[in-house]
Amino acid sequence: MHVPSGNPLGPRVPTASTGVLLDLSSGSRRKVFAGAVIAGVAGLLTMLLAIFGVIGEGGVLRVTTGALGAGFLGLSLIAVMCWRVISRERRLRVSPHGLRWDEDHGSPFSLRWAELGAVELTRGERRKLTLDLYPGDSAFRQRHPEMEHLWGAYGIENGYRIQLGDSVQVLPPVELALRRYCPTLYRGVH
């Protein structure tokens, strides 16, 4: 069996050479796809019931039901039209050398552990997990202009914050990798 990451234990289990690779976009794709299908089917079914008069005998009830169905169908169509933005690729690789962030519509970057002063994970509202990176020196911002949009993002002070996603799914492999590859920089989960 061929494993694309080169890791015989799977892409989420770190090895000494490759580190851990997390695909952060797969969960959001599944959720959006499931929501779009459910909204589309519910909207279409509701509109058909309203058109053929199965729901209610009054004209107002049929129009209201039809409008509700059109709203659900519209939500489904919006998800389809925005699919490229919603399903963008987002990957984080944590390795013995540092970390790399890849994003389709953003600025990818790579950092060596020696460039950082501290690394921590933060649990936010609604089980969201963020990776907080603190520069090791004052020249860090000049060396990494591709990260400028992350400076001070989402309320962090004097650092960079990257949203990773659902803490239940993402926390264990990220924390394992950070504890293994940068134990002196890693401050834990806050």
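Along the sequence shown, the residues carry numbers beginning at 1.
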Closest heavy-atom pair and its distance - [X], [Y]:
{"X": "A153", "Y": "R161", "answer": "O-CB, 3.5 Å"}
{"X": "W151", "Y": "P135", "answer": "CZ3-CG, 3.8 Å"}
{"X": "A36", "Y": "S76", "answer": "O-OG, 2.9 Å"}
{"X": "M47", "Y": "G66", "answer": "CG-O, 3.7 Å"}
{"X": "V119", "Y": "L116", "answer": "CG2-CD1, 3.8 Å"}
{"X": "S95", "Y": "W113", "answer": "O-NE1, 2.9 Å"}

If hydrophobic clusters are built from ILVMFWY residues whose side chains come within less than 4.5 Å, do [X] and [Y] share one?
{"X": "L75", "Y": "F33", "result": "no"}
{"X": "L45", "Y": "V63", "result": "no"}
{"X": "I38", "Y": "L49", "result": "no"}
{"X": "L171", "Y": "V174", "result": "yes"}
{"X": "V189", "Y": "L164", "result": "yes"}

> Where the side chain of R62 meets the backbone of A50, is there a donor-acceptor pair that is under 3.5 Å apart?
Replying inline: yes

> Any donor and acceptor pair, going by atom type alone, linking the side chain of R90 with main-chain N or O of Q163 inside 3.5 Å?
Replying inline: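 It does hold such a pair.
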
Report the distance from atom [atom1] of [X] to atom [atom2] of [Y], rounding to the nearest 0.5 Å.
{"X": "L129", "Y": "E175", "atom1": "CG", "atom2": "CD", "result": "9.0 Å"}
{"X": "F109", "Y": "M147", "atom1": "CZ", "atom2": "CE", "result": "4.0 Å"}
{"X": "L44", "Y": "I51", "atom1": "CG", "atom2": "CD1", "result": "8.5 Å"}
{"X": "E120", "Y": "I156", "atom1": "CD", "atom2": "CD1", "result": "6.5 Å"}
{"X": "L133", "Y": "L185", "atom1": "CG", "atom2": "CG", "result": "10.0 Å"}
{"X": "L150", "Y": "L131", "atom1": "CG", "atom2": "CG", "result": "10.0 Å"}

> For the side chain to side chain donor-acceptor pair (under 3.5 Å) test, which of R100, E146, E115, H144 pairs with S110?
Replying inline: R100

>> Between D102 and R93, is the salt bridge (charged side-chain N to carboxylate O under 4.0 Å, His left out) condition met? List the steps.
In response: CA-CA 9 Å; D102 289 311; R93 179 179 295 279; over 6 Å; no

>> Counting only heavy atoms from other residues, nucleotides and ligands, does the tally under 6.0 Å from CD of Q142 exceed 12?
In response: yes

>> For the CZ atom on F140, are there more than 12 heavy atoms of other groups (residues, nucleotides or ligands in this structure) within a distance under 6.0 Å?
In response: yes

> Is the charged tip of R187 near the ring of Y134: under 6.0 Å from the six-membered ring centre and within 45° of its axis?
Replying inline: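 Output yes; distance and angle both within limits.
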
